[in-house]
Amino acid sequence: MSLVTLLPFIVLIGAMFLMTRSAKKKQQQAADMRNQMQPGSGVRTIGGMYGTVKEVSDDTVLLDAGPGVELLFAKNAIGAVLSDDEYNRIVHGIEHDLKSDVVPDDASSLTETDATDAAAASDEKAVDLGKKDENDEAEEPSDASVAAKADDEPKKTDGDSDAK
């Protein structure tokens with residue numbers, strides 16, 4: 001057989017090898033993550049339920065899903081072990097505000113007030129960003145011409161018409 005006929009088979013076997021290798025690697029990482037679970041860590045199950053690990057045994061995990069709610073899951077049902085910050089953000093809505101930890105470089109940001117910013121904003125005239133052609137500006141109808149056009153149009157009735 002020639003090399004040209006064997007090349008597609010070689011490429012196919014190589015692709016299968018790479019796919020199975022990456023799948024095994026992901027399974028190993030998931031197993032390591034599940035083995036590193038310890039009581040007190042927050043987890044998400046593959047069904048999307050969040051809970052705190054209460055006990056870990058060989059094949060099962062006991063989760064605390066709320067006050068007085070304890071659920072027993074298989075270890076394989078744990079989808080992710082979450083960090084404390086991520087768990088608190090998702091479950092309790094507590095966000096760690098990084099902006100509050102930043103110290104300003106100078107004192108000017110501490111002395112400015114919001115009232116001066118509001119006064120400066122109200123003094124400025126609002127800008128109309130709508131696009132108008134020069135012809136549109138010259139032909140803008142006045143209120144009197146709009147009223148005259150309204151008088152020229154026939155009045156609508158509530159369904160009575162002479163036409164048949």
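Note: hydrogens, waters and symmetry copies are ignored here, and every other heavy atom, side chains too, is used.
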Summary of side chain to side chain donor-acceptor pair (under 3.5 Å) pairs that have at least one residue in residues 65-84, sequence neighbours excluded: Lys54-Glu70
task: Report, as yes or no, whether the 6.0 Å neighbourhood of atom CG on Asp59 holds more than 12 heavy atoms from other residues, nucleotides or ligands.
output: no
query: Under 3.5 Å, is there a donor-acceptor pair linking the side chains of Asp32 and Gln28?
result: yes
query: Taking the side chain from Thr5 and the backbone from Ser2, do they hold a donor-acceptor pair closer than 3.5 Å?
result: yes
- prompt: With ILVMFWY side chains joined below 4.5 Å, transitively, what does Val61's cluster contain besides itself?
  reply: Met33, Met37, Val43, Met49, Val53, Val56, Leu63, Val69, Leu71, Phe73, Ile78, Val81
- line: To the nearest 0.5 Å, atom CG of Asn35 lies from atom CG of Asp58 at 9.5 Å
task: Return the minimal non-hydrogen interatomic distance between Thr60 and Ser57, and the atom names on each side.
output: OG1-OG, 2.5 Å
Pairwise distance CD(Gln36) to CD(Gln38) - rounded to 0.5 angstrom: 8.5 Å
